[in-house]
S.K.: 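Before anything else, here's the structure in question.
No hydrogens, no waters, no symmetry mates; every other heavy atom, side chains included, goes into these values. A, B, ... follow the sequence lines: proteins, then strands. Residue 1 opens every chain.
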Amino acid sequence: MASITVTIKLFAHFRNGRFKEADHQFPPGVACRDVILGLGFRLGEMGIVMVNGQHAPLDHPLSERDTLALFPLVGGG
Amino acid sequence: MDKILRVNMTDLTTVVEEVPAEWAGLGGRALTSTIVVKEVPPTCHALGPNNKLVFAPGLLSGTAASNSGRLSAGAKSPLTGGIKESNVGGTAAQMFARLGIKALIVEGMPRGEGWYALKVGRDGVTIEEERGLLGLGNFAVIDALQALLGKKTGVIAIGPAGEMKLTSANISVKDPSGKIRSHGRGGLGAVMGSKRIKFIAIDDEGAPGIQMADPEAFKRASRIFTKALMDHPVSGQGLPTYGTNVLVNILHEAGGLPTRNFTHGQFDGHEQICGETMHDTIVARGGKPRHGCHAGCVIQCSQVYHDKDGQYLTSGFEYETIWGLGANCLISELDDIALADNVMDDLGLDSIETAVAFGVAMEAGILPWGDGKEVVRILREEVGKGTALGRVIGSGAGAVGRTYGVTRVPVVKNQAIPAYDPRSVKGIGITYCTSPMGADHTAGYTIATNILNVGGQVDPLKKEGQVELSRNLQIATAAVDSTGMCIFIAFPALDIPECLPALIDMINARFGAKLTGDDVTGLGKNVLKLERAFNLAAGLTSADDRLPEFFCSDPVTPHQAVWDFTNEEIDAFWDF
Ligand code: SF4
């Protein structure tokens, strides 16, 4: 496969000036870290990184049709 | 000198007492629970003359410490049959503290049909007969009292739900903008109603104020503490901007957003009710995205939400309420939920218990899924007017389930499970099971570590580490609930090393004490054990420390997770 499609979802102020949800193409096995940096984020801004609804480490490799959700550090209760 | 105010509603007398030595170092939850355990027979009827309703400001309430203005209320709960503590912002805690009132204890019960009001001031407390405000909602009560007693008057009141002694009735406390915050959970409003007290008015004119043992040390510690609150991204930025409702999208994404009465873990309409949408709506309509529930709150997670015409609709519009009527009842119109929130505030109903009760009612076919207009009608016309259906719904999720033969009834100790599915966020399930309060997310908020990556990381879908996580958080929370601090200080406290020592330094500077971190942990442990002992003596057993059966048998989407803890694993919580 030449490239994979990953759905990226952004939340809270990460959406400002960017998007809510978009499909992007990447080389197979791209790491979350590279996607995050490619979107212009600093790694230190990341609160929660989820792949398909589960917390994932930054070096987690992405596959075709994965959903990557990025949240800043936020909380409530 | 600090004092205890004691009100006897049987013979309508009041007395001002000295603070017993063993209560001197206690405040908030530690004090209300200690008094309830000492003075309330565990097997008494919660709505009878032997129950007592206790109010106590936290140890630091009334000082300049940030976020310290929380008031605890305690009693035996008519909803759970166990002990209850519920704390709230508003102006009352700080007024009590400045008046030197360590606790207000209301005991006994009037023999006749009359209603009363309490007036608290510099000279103690008096009982007056009350007629004019009976039957009125909380907003009208506060408006009338402000007109009569002045803008600054403090108010603690019950709405029609409390007058009817419904087990979802809360106790409302006036906030700095003349709106309300609530002692929400466990039906404490019904206890106040059983004592036939419509409201407590507070006048702190001429109050002696707070005596500070070491003002300089206090200032130093207070600066460090406030800085930690402001520096942490959750308390300094996330909560003020999006409020607690930022959690809708997070829990949806994690598959832990209970949907359609806990059938699914995700809600298709999440974007319509989420914190991001709510924030933009508030700003577009000229509301306030940030607002504090008491003076001195630097986090300001609250907000003022306006309707389409720019008029006040509700405030303190929390994630749990929005989740409860939103995802859980499939209502995707935020304005409908806001209106229902306002009506619940006015009637004096716990918005978590009531929202979950509506989910069960929808499951029973009493009203259609997603029908926000019908929810508002039932609140106003049935609950507000005390019809039979209204009283069933106002008695909580368990009552609705029992009345209509529903088996999917999300309660522990008969108290509704809030906004986090325990199958896919397992730590919070341990808190729901074991908290002496019944299902209560705030008692040990494992969401911080299971989902939000605050205070480390414990995988929400695995069993490992959850019991320990819940135990540590419940112990810490019992201590924090005793200081008068809002529980949201836990976010910086879990991550910023200077935060907790600064909190302890403030307590020491206030009282001239020498508490250490271990002492504070010890206080938390003691409080939990006291509360547990009360529950056992009241007839609860470890069989009450369990989730409803359907959580074990029905997997929840998208992770197909089930609740899979053994009884022994849950009971190990109490090994400390
Ligand atoms: S953070 Fe929210 S709940 Fe806590 S004191 Fe402030 S407004 Fe009240």
S.K.: In Å, rounded to the nearest 0.5 Å, how long is the span from NE2 of B:H232 to CG of A:L73?
M.R.: 6.0 Å
S.K.: If you count heavy-atom pairs under 4.5 Å between each of B:I487, B:L461, B:I451 and chain A, which one has the most?
M.R.: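 Of the options given, most contacts go to B:I451.
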S.K.: Please check this pair: side chain of B:Y242 against backbone of A:H13, looking for a donor-acceptor N/O pair closer than 3.5 Å.
M.R.: yes
S.K.: Which bit of B:Q237 is near chain A, if near means a heavy-atom gap under 4.5 Å: side chain, backbone, both or neither?
M.R.: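 Looking at B:Q237, just its side chain touches chain A.
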S.K.: In terms of heavy-atom pairs under 4.5 Å, which option from B:P233, B:S424, B:G238 contacts chain A the most?
M.R.: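 Maximum pair count with chain A is reached by B:P233.
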S.K.: With respect to B:E253, which candidate in A:T67, A:I48, A:N52 satisfies the side chain to side chain contact (heavy atoms under 4.5 Å, CB included) definition?
M.R.: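 Exactly one pass, corresponding to A:T67.
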S.K.: Of the listed residues (B:I447, B:I250, B:V246), which shares the most heavy-atom pairs with chain A below a 4.5 Å separation?
M.R.: B:I250
S.K.: Identify which of A:R15, A:Q54, A:M50, A:K20 forms the greatest number of heavy-atom pairs closer than 4.5 Å to chain B.
M.R.: A:R15
S.K.: NE2 of A:H55 to CG of B:L452: how many Å apart, nearest 0.5 Å?
M.R.: 7.5 Å
S.K.: Non-hydrogen atoms of chain A under 4.5 Å away: do they reach the side chain of B:H279, the backbone, both or neither?
M.R.: neither
S.K.: Calculate, to the nearest 0.5 Å, the distance between atoms CG and CG belonging to B:N249 and A:L10 respectively.
M.R.: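 Atom-to-atom, B:N249:CG and A:L10:CG are 11.5 Å apart.
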S.K.: For A:F71, which atoms come within 4.5 Å of any heavy atom of chain B: side chain, backbone, both, or neither?
M.R.: side chain
S.K.: Is A:K9 paired with B:E276 through a side-chain N to carboxylate O contact shorter than 4.0 Å?
M.R.: no
S.K.: For B:D280, is it the side chain, the backbone, both or neither that has a heavy atom under 4.5 Å from a heavy atom of chain A?
M.R.: neither
S.K.: Quick one: of A:A12, A:G47, A:A69, who has the most non-hydrogen atom pairs under 4.5 Å with chain B?
M.R.: A:A12
S.K.: Please check if the number of heavy atoms outside B:K463 that lie under 6.0 Å from its NZ is greater than 12.
M.R.: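 Check passes, neighbour count above 12.
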S.K.: Take atom CG of B:D268 as the centre, draw a 6.0 Å sphere, and report whether it contains more than 12 heavy atoms from other residues, nucleotides or ligands.
M.R.: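 Counting other residues, nucleotides and ligands, CG of B:D268 stays at 12 neighbours or fewer.
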S.K.: Among B:H252, B:E271, B:Q457, who wins on heavy-atom pairs under 4.5 Å with chain A?
M.R.: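 Most pairs with chain A among the choices: B:E271.
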S.K.: Can you tell me which portion of B:P460 sits under 4.5 Å from chain A's heavy atoms? Options are side chain, backbone, both or neither.
M.R.: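 The answer is the side chain of B:P460.
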